[in-house]
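Before any comments, here is the structure.
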Amino acid sequence: MEKYSELLVPSIKKAKPSNSKGSLDPPGYESTADSVTKKGTPKQVSGQDEKEVEELKAKKAWETAIAPASSIPMNLFMSYMSGNSLQVIPVMMSIMMVWNPLKSIFTETNKIFDHLKTKNQNVPIVLYKAVYVLCQIASMSIGVWKFYKMGLIPTKETDWLAWKNYITYKETSLLL
Amino acid sequence: MKKISCISFAAALFRCVISISLADAFKSDWIQYNHGNLSSFVAPSSDGLVALTDMNELVKVKFDQDEKVQWAVDLRGLENFDTIVTDKNEQVVYLFSKSDNVFHSYNLTNGVLLKRLVTSSPVAQVVSFFDKGVLFSCADGTLFFLDPAYNVKQLDLGFKVGHFHHSYVDGLIYLVTDEGDVRSVDIDLSAQPCSVSLQSYTSRQNKVIDFKGTTILTTNNDILTLKSENVHKVSSNFGKKDSVRLLTSNLIYTVTSGKITFYSIDNEITNELYTIKITEPFWLLTLENDSPFEGIAIKTSTGLKVLDVSDFSDSHDPTLIRSFEFETNLSNGESIFSSYSNDETLLHFISNENNGVFTRKTFNLNRGTLASDTIRVGLPYSSIESPIMIDFPAPESKLDESLHLVQTEGSLISRWLYRLKRHLSQLGRSVASFRRSGNFPRSNDDPFSFNKIVVFFDNVGRDLMAVSTKDGSSLWKCSPEIGSQRLVKILETSNGREVVAIFDRSYHTVDSTSGQLLKSESVKTEIVDALQVRTTDNNEIIALVLANDKQLLLMNANVKLLPRQYVVKQLDAQTISGYEVTETLAPTWSFKKDNEEILLISHKPKESVTSSIGIARADHTVLYKYLYPNLLSVITKVKSDGTVKFYLIDSITGELLYLHSHDDSDSLVQDSLKIVMDDNWIVYTYLTSKPKIEQRIIVLDLFADKEKASSKEVSVFNESTQINTVSKLAFNYPEVISELASTRTKQGVTLKSILFLTKSGNIYEIPKFVLNSRRVANREMTASDFQDDFRMMPYDPVINRNTYQALNHKHLLKVASDDNHILVKPTLLESTAAVCFLNKYNFFCTKVHPSLSYDTLSTYFDKVKFLITIIGLFIAYIATKSFLVKKCLNAQWIK
């Protein structure tokens, strides 16, 4: 381990005070950077600030919750423009439209609302989550609608034709 | 484990490549013509002959080629020709008839018709004229000259020329009629004035029978010589009944018992020259052509004796008579010809055998050698009765091998191991074979079952024949003892290993691979029909219908019949009757219209398979097909006004499902009606003579309602079998259709095509989507119309005839007036069906791909490139593996 002692316990040379040799700091550089990192502790927020933060967080949570809805008009427009023919790109696009919201619902819902929790919230965070999920579902439904328009969702009689059988008769006949 | 899977992959890949190389199985379509037996009229040269056959063909046979028949001219539908003559240079062959006023000339090299002449009366005789054309006389006494440019000129000699003799003397051709009229003609066709007449020497009883050089022989054995515009009678002491023959202009011989005597003609006197004694009995043989051979051929009990007198005739030196003896068996019905080639004189003896086979014996008189060939110009059968097409039964060993593919017992791993073992053993065998012979073994078997067996009865030879559809080779021939019994039917047993030939008093079971007669049984009562019936153990056996009260005789008495089996039978021109199959055929219903005559009945085939039960329309609704299997079509003609009526009948209940009555102004040509039923459609064709001659095609598509799409099993007596909709449309076809058939595939996924055999000798494959009764007429098609059906198109009444639809492409088929059979059988490839067309004239087999060959590789698939790509990818994978490991490690470091 002695070999790596230099690596494990690096001897960091302290930067000399910048103005000791009379050289000027570059414009905009503040030598207080050291002291800030060393202090590290956040300031204590006052009561009024807390309220402000809560408001901000609520605002942010609401924004986050309805963010997926903002892409709906664009997706709608794109889906409309790309036509209903069965081609790789529209199909891939529609898959993404369905898959991404699904993925977000299951993997991101909790994660993104975690840091927006506050101690005494007016509106419970679950509601924001619910709105978020609804918006994602709305976004996803465009994909589903697109699939439907493409005829990829087996809803019609013809889609099940291959599984249908003709009635069988017990009697058989032959021509002699 | 990794290594094993690698080897397994390689073995499987190898199997795959072997399978691909079978693609050339698709190239095989072939035709065999049956030229029939040679009639006795032949005109041979040293290496071939031209002959008329009993199938009414003119054929040229070349002996030294693999393809024996060099060309054949179909003379069916023309006059009855019976005589062939070739010209002196063997360039042209002339064909004429003793009964019809017609004269044909054909190019001998290629069989092209050069000239067809209709004469005033039947042609009597044809002779070459100075190597530039021919003279031919007609029975009414007119004489014509046909020049090399095929212009005809009549010659007037001042007398009637019926049958005549000719001889070249001093640059002139002398023509002597049987009645004794003489005239000479020069090369420019001008008849020379001639004062000679033989009338004083000839009479009705004493006609001219031979003319050689200047010497004439008459019936009463008078010998006359033409000399400088005069006729002299040679004094001789031949009796009227002596057998006197002219050899050359100054050499005569007589044949009496035990000896042949030669005489010379000198100064109007005959002198005896030499006598040859022959101790054993002999027969003088006559040659059938104008012979370059100077000599006598006689048949003795031991063989053939030939006397060549070509040197003797000039010198009269008996030592120069060359005598040959050949020990050979000569039959009586032989035709004898002589020919001259490469300074050698050849005698050809041609004898006919049965089944298109004839034997030619050639005697070379210069070398004294004998050659014998047996040549086949026809097929080994001359009639085809009730042919069936069956699959080659799988050999027992193959059954074992493929058993694991179908069995579901055992774990996945054990089955995989078994398969691996099989692949490895195949790989091992292939490698061993490659090391031994330098190439991979071509598997002889037929994995997709392209090759079938056609079994039929040859009514002329009275035997059962089996022919492979691979190349037309005869597989076996079985001659059961049937006497003069009539064939009722040939059926295949349900296991596919035997065929049963049912005659009116006996039935015979034959192994379908070897042709071995397994069982023969005779019955006391007459058999009127035979059918396949289902038994309680879910099998099918053959039942014979006996004449007495339609009793059934089961071929296996230990089984019980399933109930609810019915048959339909046409009893006479007006009645159709339905029966239930029990121990007897119990009548259930009958169809009879007093004023109507039944023209045709047809039942939907038992083998019809449909995979899709409906048509998906543009609006995603389904048009359900009417797929009722017990459907009977009956076409009748109303006797009073000739109206044609089409009935669809439920063959179990006898219920009328549909009736379509044609316009009574249509006049149907007798026997032109043909029908084919399959899937949910019926196509029938007929020729009309009024209002104009047209080949009509009627297409009916039947549709059912949604209730018919259900998995339940019902009885016809409880459930309605009514057709919901019938759509129908008529088309015209530019050719006369002689026979109809429909393609069938294993699963019924592939589109159907309808095969038209036209009178001109082609089989056209018309896709069913062309013959679609839902094609839009009388309006513009909309976008949804196009999507409503597969390849929907606007209605066009005329179905175009495209040459690329002809299955027989380069082969011309010969269509008989009846008994044309088109046989269709599915193969194991869904895209492909085997099709054979056969009648007594020819046998043609091919494969059809109605939806193109979508499940096989195309023939131009580059297998080598494919293998190289896979090997390249494998090498690249191995090579880049180390780089990948390195890269992954580096990536870890940077983190």
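Using a 4.5 Å cut-off between heavy atoms, B:Tyr624 touches chain A through its side chain atoms alone. In this structure, the portion of B:Lys606 lying under 4.5 Å from any heavy atom of chain A is its side chain and not its backbone. Of the atoms belonging to B:Ser602, it is backbone heavy atoms, and not side-chain ones, that fall under 4.5 Å from chain A. In this structure, chain A has a heavy atom under 4.5 Å from the side chain of B:Arg534, while its backbone stays farther away. Only the backbone of B:Gln532 comes within contact range of chain A, with at least one heavy atom under 4.5 Å from a heavy atom of that chain. With a 4.5 Å cut-off on non-hydrogen atoms, B:Leu585 touches chain A through its side chain but not through its backbone. For B:Ala704, the part lying near chain A is the side chain, with the backbone staying farther off; criterion is any non-hydrogen pair under 4.5 Å. The contact between B:Leu632 and chain A is made entirely by side chain atoms (from C-beta outward), counting heavy-atom distances below 4.5 Å.
Side chains of B:Ser715 and A:Glu171: a donor on one and an acceptor on the other come within 3.5 Å. For the 3.5 Å distance criterion, the side chains of B:Arg564 and A:Thr172 fail to qualify, holding no donor opposite an acceptor.
Between atom NE2 of residue B:His603 and atom CG of residue A:Leu176 there is a gap of 10.0 Å, rounded to the nearest 0.5 Å.
No more than 12 heavy-atom neighbours from other residues, nucleotides or ligands sit within 6.0 angstrom of CD on B:Glu583. The neighbour count for B:Trp589 CH2, taken as heavy atoms of other residues, nucleotides or ligands under 6.0 Å away, is above 12. Within 6.0 Å of the OH atom in A:Tyr80, the count of heavy atoms belonging to other residues, nucleotides or ligands does not exceed 12. Crowding of B:Asp572 atom CG: a count of heavy atoms from other residues, nucleotides or ligands under 6.0 Å exceeding 12. By the 6.0 Å contact criterion, OH on A:Tyr148 is open, its count of non-hydrogen atoms from other residues, nucleotides or ligands being 12 or less. Applying the 6.0 Å contact sphere to NZ of A:Lys149 captures no more than 12 heavy atoms from other residues, nucleotides or ligands. Under a cut-off of 6.0 angstrom, the local environment of CZ in B:Phe717 is crowded, with over 12 non-hydrogen atoms contributed by other residues, nucleotides or ligands.
The candidate from B:Val622, B:Val533, B:Thr721, B:Val581 with the greatest count of non-hydrogen atom pairs under 4.5 Å with chain A is B:Val622. Interface summary for chain A: among B:Leu531, B:Thr610, B:Asn630, the most heavy-atom pairs under 4.5 angstrom belong to B:Asn630. Note on B:Leu627, B:Val567, B:Ile576, B:Asp529: by heavy-atom pairs under 4.5 Å with chain A, the leading option is B:Leu627. Here B:His620 is the residue among B:Gln570, B:Glu719, B:His620 with the most heavy-atom pairs under 4.5 Å with chain A. In terms of heavy-atom pairs under 4.5 angstrom with chain A, the leader among B:Lys569, B:Lys489, B:Glu713 is B:Glu713.
The closest side-chain heavy-atom distance from A:Tyr169 to B:Val714 is below 4.5 Å. Using a 4.5 Å cut-off on side-chain heavy atoms (C-beta onward), B:Gln565 and A:Ser173 make no contact. B:Lys712 has its side chain within reach of A:Ile167: a pair of non-hydrogen atoms, C-beta onward, lies under 4.5 Å apart. The shortest side-chain heavy-atom distance between B:Ile613 and A:Leu161 falls under the 4.5 Å cut-off. Residues A:Tyr166 and B:Lys625 have side chains not in contact (no heavy-atom distance under 4.5 Å, counting atoms from C-beta outward).
The two residues A:Thr158 and B:Thr621 make their nearest non-hydrogen contact at CG2-O, 3.2 Å. Contact detail for B:Ser711 and A:Asn165: the closest heavy-atom pair is OG-ND2, 4.0 Å.
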Intermediate values then yes/no, side-chain contact (heavy atoms from CB on, under 4.5 Å), B:Ile652 and A:Lys170: CA-CA 11 Å; B:Ile652 287 164; A:Lys170 289 171 184 162; over 6 Å; no
